[in-house]
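Just so it is clear: chains get the letters A, B, ... in the order the sequence lines come, proteins before strands, and each one is counted from 1. None of these values were measured; they are calculated from a predicted model.
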Protein chains: 2
Amino acid sequence: MSEKPTTIKEIAQLLNISVSTVSRALHNHPSIGSGTISKVQKLASELKYEPNQTAIFFQKGKTYTIGVILPELSEAFFSSAISAIEDTAYKKNYTVLLAQSHDSEQKEKQLVEKMKNHRVDGLLVSIAKSTSSFEHFEMLKRLNIPVVFFDRIPPIPNIHYVACNMETGTIEAVTYLLKKGHRVIGLINGPKTLFASGERQEGYIKALVKNRLKYDPSLIANCDLTEEGTVAAVNKLLSNKRKPTAIVSFNDYVSLFAIRHCMRNHPDKIDFVSYANLPLINYMDNIPLASVEQFPALQAQKATDILLDLLNSPKSSPQEVQAYYKIIIESQLVENTH
Amino acid sequence: MSEKPTTIKEIAQLLNISVSTVSRALHNHPSIGSGTISKVQKLASELKYEPNQTAIFFQKGKTYTIGVILPELSEAFFSSAISAIEDTAYKKNYTVLLAQSHDSEQKEKQLVEKMKNHRVDGLLVSIAKSTSSFEHFEMLKRLNIPVVFFDRIPPIPNIHYVACNMETGTIEAVTYLLKKGHRVIGLINGPKTLFASGERQEGYIKALVKNRLKYDPSLIANCDLTEEGTVAAVNKLLSNKRKPTAIVSFNDYVSLFAIRHCMRNHPDKIDFVSYANLPLINYMDNIPLASVEQFPALQAQKATDILLDLLNSPKSSPQEVQAYYKIIIESQLVENTH
DNA sequence: TTACACTGAACAAACGTTTGCGCTGATGCC
DNA sequence: GGCATCAGCGCAAACGTTTGTTCAGTGTAA
């Protein structure tokens, strides 16, 4: 009862012509007579012929599929990214093979392997927090499978990436607090190993320098982004000899943790500025005054564009790709309205 | 320079044996001598042989890939669903092909077609709001491609699905408000075409009847789930002769819209109870007292389990599947803490 | 008439893997 | 010594499609 899909071969038999003729006819090949073409196409649509993609993939060595490896699909930042990726890929007739690393380096490596074996045409990756070796990506390069990184970029040369420059946003953030009259501003940063932490620190320092203020290293506290880590960082900052009256914190989660902790344990009002990853922040209680927007959907879309471009560019000679896409999107401070 | 992946054929040539022997050796086939097996496996790992999955897919007519079609990836409900799906599939060595319908029936149909051509082994679907014909799913059944629906289920017979029973949660919700002393309780429901709306209404009525209260149809307002629609529904309810002092609303978004509107335009305090789709609700302002939890991750995980089960069950005779999985998860009221 | 060009179609190889079957040589048994 | 058994391996087909090459037939010009 279950219908088996029609094949080109069956069409050929029914019309008493060869499979190659059928194949060409379906593609409107010039060397096929128009009579034959219309006969074939008519029968094909009657039989609801659909090409077997797996056969085509196999034959062409291409799958029209891009692999996407993200740290955590349920996070707002990445879910709006994947949404943009899927939309962009869909428009160009590509399909998305999805996986999440849960921020584990080991799993990320396994996923890269799996994607490779699935013969994805290219890969879009935002790397796991814990990833410290990058051999799995070097291997892809050797296999000529293009990879475009976005948002979380590995510190290695010769890669394509789209990232958001946190420095400008950070400068805006600090400047914003200075304009509000604050003179002692703390920074709750992420792990030192993260590139994003470095950028924030740079921006923080530059903003102070630009405003002729002294940079005090004890006003920076690194944390592991958990609630406990955040609390420890807040306590460290607030017990400093020069106590900050405002704090820039690594992201919205950290901000929310920090604000909650401050409200419960510290009498003085402290102003917060953060980095956006929660679209619903405007519905919330006790939120940072402003957040640096990182445009996840835009980053993801650009990264996908680049990847598709790479895939369809005129057969770039294997190892000699000279040009690497390095797209920087400027972050931007937005005030949170209530 | 770019390494071409090793094939079974190359291994065979290097060892002067046949490809079939190599293939069997790699699978530890009993009819291959242990000496040969170890020789082959040794060389294979030296050459970093990895089977070409597209060839295997093609050959086996299976792809070990499940297609997932969701309405909107960036929504919290579905992003936690996709996260669970990916995890569950990964454990069983399946891969996820992802697409979003953006709640468009037409796009949903195109995606089904695309997934079919990609030869996904099975499909996981939460249908678009606008979908009203279901031929595209019937076709999959004819092609013997199993489909498991979850959360948003089409109203057709003989399908596998996992859904959350909103009735029990709704009864809990209404009862909860009654216990709080409310006697006139409104319901802002979704579009009448939605199955989920029906369930909510059923639960609402049952709870009233069970508590020996009269059911007043004018206390129910349907809306299209947009902010404007919600505002209209609220206004309708609050201009009723018997003005409700509490409202059960279709979901968290509707609740937030409604609460905001009430606070601005209506003096009397109104208690809200809602249906959960926002994990961050506890960070927010002016939220419903409680929400009916629908367990997106659990639903998604169960649906994936069922699909994988279907795929690996001993060749269920095509059209004669007698048993359809119909898993109902009971919704549950949870109070929102601040 | 021959030579030649062109049209329209068939042939066949190739992609990498799995798998049913057949073959060979060795061993065991009576 | 004859025969069955069996381990160990090779052969070849099959999956569906694309595509380079060949081939037959027709038309045309010299």
5' priority, DNA chain D, between T36(B) and F58(B) [closest heavy atom]: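 That would be T36(B).
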Lys NZ or Arg CZ of K141(B) over F137(B) ring: under 6.0 Å, within 45°: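 The answer is no; the distance or angle limit is not met.
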Test: K302(A) cationic atom under 6.0 Å from F295(A) six-membered ring centre, within 45° of axis: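 No; the conditions do not both hold, so K302(A) does not lie above the ring face of F295(A).
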Rounded to whole Å, please give me the gap between [atom1] in [X] and [atom2] in [N].
X       : N       : atom1 : atom2 : result
E10(A)  : dA14(D) : CD    : P     : 15 Å
K62(A)  : dT18(D) : NZ    : P     : 14 Å
Q53(A)  : dC15(D) : CD    : C1'   : 15 Å
I32(B)  : dG10(D) : CD1   : C1'   : 10 Å
N117(B) : dG16(D) : CG    : P     : 14 Å
K116(B) : dG16(D) : NZ    : P     : 15 Å
F57(B)  : dG16(D) : CZ    : P     : 17 Å
Q13(B)  : dG16(C) : CD    : P     : 11 Å

K326(B) atom NZ, neighbour heavy-atom count above 12 within 6.0 Å: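 It does: K326(B) NZ has more than 12 such atoms within range.
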From CA spacing to verdict: side-chain hydrogen bond (donor to acceptor under 3.5 Å, both in side chains), N28(A), Q41(A): CA-CA 9 Å; N28(A) 292 310; Q41(A) 296 192 347; 3.0 Å; yes
Which atom pairs link the protein and nucleotides 5-7 of chain D when you take only N or O atoms and keep those under 3.5 Å?
none

Test side chain to side chain contact (heavy atoms under 4.5 Å, CB included) applied to E72(A) - qualifying residues, sequence neighbours left out: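 In terms of side chain to side chain contact (heavy atoms under 4.5 Å, CB included), with neighbours along the sequence ignored, E72(A) is linked to S74(A), E75(A), Q100(A), H102(A), S83(B).
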Residue list, side chain to side chain contact (heavy atoms under 4.5 Å, CB included) with K92(A), at least two apart or on another chain: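 Once residues adjacent in sequence are excluded, the partners of K92(A) under the side chain to side chain contact (heavy atoms under 4.5 Å, CB included) criterion are Y94(A), D305(A), L308(A).
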Test salt bridge (charged side-chain N to carboxylate O under 4.0 Å, His left out) applied to E46(A) - qualifying residues, sequence neighbours left out: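 Residues passing salt bridge (charged side-chain N to carboxylate O under 4.0 Å, His left out) with E46(A): K42(A).
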Within residues 18-57 of chain A or reaching into it, pairs that qualify as ring-ring contact (aromatic ring centres under 6.0 Å, His included) - sequence neighbours excluded: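 Residue pairs passing ring-ring contact (aromatic ring centres under 6.0 Å, His included), neighbours aside: F57(A)-H118(B).
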Donor-acceptor under 3.5 Å (T6(A) side chain, L47(A) main chain):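 Judged by distance alone, yes, a pair lies under 3.5 Å.
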Identify all pairs in which a protein N or O lies below 3.5 Å from an N or O of nucleotides 17-21 of chain C, and state each distance.
from    : atom 1 : to     : atom 2 : distance (Å)
dT17(C) : OP1    : Y49(B) : OH     : 2.5
dT17(C) : OP1    : N52(B) : N      : 3.3
dT17(C) : OP2    : I8(B)  : N      : 2.6
dT18(C) : OP1    : H27(B) : NE2    : 3.2
dT18(C) : OP2    : S23(B) : OG     : 2.7
dT18(C) : O4'    : Q59(B) : NE2    : 3.1
dG20(C) : O6     : R24(B) : NH2    : 2.3

